[in-house]
Protein chains: 2
Amino acid sequence: MTVSITDVARATGVSASTVSRALRGQPGVSDEVRDRITTIAARLGYTASRSASSLASGRTFTIGVVVPYVGRWFFGTVLDAAERVFSAAGYDVLLYNLGSPETRKRFFTKMPVRKRVDAVLSLLIPDEEESFALRSLGVPLATTVGGPRPGFTVVGIDDHAGTESAVRHLVNLGHRRIGMISGSSGLQHWTTPVERRRAYLDVLADAGIEHDPALEADGDYTVEGGERAMMELLAVSRPPTAVFAQSDEMAMGALRALRRHRLKVPDDVSVVGFDDHELADVIGLTTVAQPVAGQGAEAARLLLRQLDEPEAEPPRHVQMPIRLVLRETTAPPYPRGPQ
Amino acid sequence: MTVSITDVARATGVSASTVSRALRGQPGVSDEVRDRITTIAARLGYTASRSASSLASGRTFTIGVVVPYVGRWFFGTVLDAAERVFSAAGYDVLLYNLGSPETRKRFFTKMPVRKRVDAVLSLLIPDEEESFALRSLGVPLATTVGGPRPGFTVVGIDDHAGTESAVRHLVNLGHRRIGMISGSSGLQHWTTPVERRRAYLDVLADAGIEHDPALEADGDYTVEGGERAMMELLAVSRPPTAVFAQSDEMAMGALRALRRHRLKVPDDVSVVGFDDHELADVIGLTTVAQPVAGQGAEAARLLLRQLDEPEAEPPRHVQMPIRLVLRETTAPPYPRGPQ
DNA sequence: CTGTTAGCGCTTTCAC
DNA sequence: GTGAAAGCGCTAACAG
């Protein structure tokens with residue numbers, strides 16, 4: 001039914017080994033024979049069975065990519081960029097979407113990637129146990145989220161500096177009551193919200209602004225969460241005049257809440273996000289831009305390099321540039337700010 | 001190094017075949033032995049090599065998913081939903097992101113999925129040749145985009161009805177100059193824009209409104225494209241008082257263009273989108289909602305069913321419900337008409 | 001219910 | 001430069 005390597009060998013009048021060598025571009029095959037084999041293989045529509053060649057060689061030419069939620073812009077964008085790099089290098093991508101706790105648990109107990117992939121790119125932050133499980137695969141590991149982790153090549157951004165630029169911008173505009181909508185701080189191993197919170201506190205302290213815990217709310221990294229969080233912040237006795245949201249999606253939720261409350265942005269309340277979501281520009285959201293696709297591509301490249309040079313010491317931590325993008329959701333506090 | 005089936009067999013004191021049967025839940029193994037094998041396999045951390053079992057059985061337990069652009073909300077969402085269904089059923093997902101023409105071409109000439117997958121879900125519309133290539137794989141095929149195609153199970157929506165509800169809504173509000181921002185109409189095999197355009201023309205004709213070709217612009221399914229298209233529409237001598245965009249992303253681009261031109265929505269211009277993007281609600285965009293995740297999940301389910309019942313005649317075309325969601329970007333035309 | 005025997009379709013020594 | 005032979009780790013008859 002389907003054409004195998006022996007079919008090609010027979011049709012060309014050579015052995016299977018020669019066909020194998022020729023098609024994989026290995027040395028030790030005369031140009032004449034190689035050409036003939038290539039032609040005939042093409043004519044027959046031959047494709048080597050990945051299962052068979054993996055079994056024989058131990059190489060799978062497949063990369064496992066683990067994602068918390070493909071549908072979310074951030075992860076979709078990272079995945080998109082990484083996949084391009086992998087496929088350009090001849091690798092296939094096995095996708096694992098670990099949105100729910102059950103799926104995630106199942107993945108880490110059954111480890112379906114074992115013996116199936118040459119490397120793993122994780123877009124979720126594994127806890128200690130998960131991280132141990134991944135290391136036990138014995139393949140190169142990379143991630144684009146969270147801080148440095150043993151065994152992983154981490155491509156990230158300077159969360160502290162990014163947050164600092166955002167909050168400092170609000171301070172410079174004259175705001176003193178600055179709220180923060182944070183990502184789910186419940187997860188211990190998820191360092192990003194922690195890092196960003198620290199920077200927020202640092203800037204406040206530096207500006208001599210007393211920290212008010214009532215001005216912090218959890219937005220769960222979603223639009224809805226951001227909306228709820230903003231409502232909470234508006235309910236306190238002295239609401240903030242500016243809000244820093246740890247992601248653009250939460251910032252968008254905040255904008256919606258503000259609109260529902262008939263509050264004008266930036267006149268009544270200023271909002272800064274984080275990410276530079278593809279739609280941030282549409283909405284005119286001031287935000288901290290990070291190279292999302294860039295991080296995915298870079299992580300993929302570093303993984304491929306480790307596959308090419310297994311001996312070399314892999315880079316442990318790469319930081320990509322961030323920058324504050326000023327748009328239309330920030331202004332001095334009403335009615336009298338400096339300037 | 002890595003533990004194989006014979007390691008488990010030896011440790012349990014049975015043969016490899018028995019281990020294989022036991023672990024795959026096949027009949028013909030005593031409960032006692034099965035338990036022992038399961039325990040020992042778990043203790044040893046054994047996972048069957050997919051390459052080896054695929055090679056031996058011919059089944060890969062892998063589904064190929066072909067996507068034009070994972071980063072785009074629509075495709076990310078469909079993929080997310082489909083992946084959940086597949087992984088819940090024990091299938092892995094091989095992702096092929098075919099954004100650029102070169103990648104796409106490479107995929108269809110090399111057909112890396114040959115002998116690698118049990119079925120294919122395509123989120124891009126294959127042309128005649130590509131569709132032939134996919135059929136030649138000899139596995140079940142499904143898609144969530146475009147109209148009925150031989151050899152494919154198509155899960156879609158009624159594009160004509162959806163568009164009709166959107167455009168009729170504008171007509172009912174009293175609009176007479178209704179523009180349309182369409183998806184890339186350049187691609188022949190991409191029936192969606194064609195279908196939606198036909199519905200647009202039908203509603204106009206039905207309402208006795210003469211069609212003005214100057215009121216149509218191409219938005220390429222992107223935010224930027226939508227923005228450009230809106231600019232074009234604003235540049236004509238008598239601009240539209242309402243615009244129907246064939247996707248929410250293009251509608252968002254249109255909104256941006258309008259804001260730049262200091263035109264109020266919906267006071268000066270009404271805008272309707274299509275999709276019910278996750279952020280449509282944030283922006284207050286009136287749109288035609290379609291069950292995006294629902295289509296992905298349904299297509300995945302139908303594919304799995306075909307795998308379970310190879311004999312049964314697969315469904316050819318399934319239509320999912322759509323509905324018009326009224327929000328804040330549509331209103332009756334401004335009394336004096338636009339400038 | 002369990003073990004033995006052949007492969008599945010490649011890659012990889014090792015001869016020649 | 002090329003071929004023969006021996007697996008890779010599993011599953012699928014076929015015995016018993």
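All chains are named by letter (A, B, ...) in the order of the sequence lines, taking the proteins before the strands, and each is independently numbered beginning at 1.
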| Atom CZ of B/R50 and atom C1' of D/dG9: how far apart are they, to the nearest Å? | 14 Å

| If only side-chain N and O atoms of B/T6 are considered, is one of them under 4.0 Å from the OP1 or OP2 phosphate oxygen of D/dG9? | no

| query | Is B/S49 near enough to D/dG9 that one of its side-chain N or O atoms lies under 4.0 angstrom from OP1 or OP2? | reply | no

| Which residue lies more 5' along DNA chain C, comparing A/S4 with B/G28 via nearest heavy atoms | B/G28

| Under 4.0 angstrom between A/R24 side-chain N/O and C/dT12 OP1 or OP2 | yes

| field | Whichever of B/A56 and B/V29 has its nearest DNA chain C nucleotide further upstream toward 5' | value | B/V29

| request: Indicate whether OP1 or OP2 belonging to D/dG3 is found under 4.0 Å from a side-chain N or O atom of A/T18. | output: yes

| message | Taking A/R116's backbone N and O only, do any of them form a donor-acceptor pair with A/T60's side chain (distance below 3.5 Å, no angle check)? | response | yes

| Where do A/A16 and A/A9 come nearest, in terms of heavy atoms and distance? | N-CB, 3.7 Å

| message | Measuring to OP1 and OP2 of D/dT2, would you say a side-chain N or O of A/R21 lies under 4.0 angstrom away? | response | no

| Closer than 4.0 Å, any side-chain N/O of B/K115 to the OP1 or OP2 of C/dC10? | yes

| query | Between the side-chain atoms of B/S17 and the base atoms of D/dA12, is any donor-acceptor pair under 3.5 Å? | reply | yes

| query | With no hydrogens and no angle check, is any side-chain donor or acceptor of A/D118 less than 3.5 Å from a backbone partner on A/F61? | reply | yes

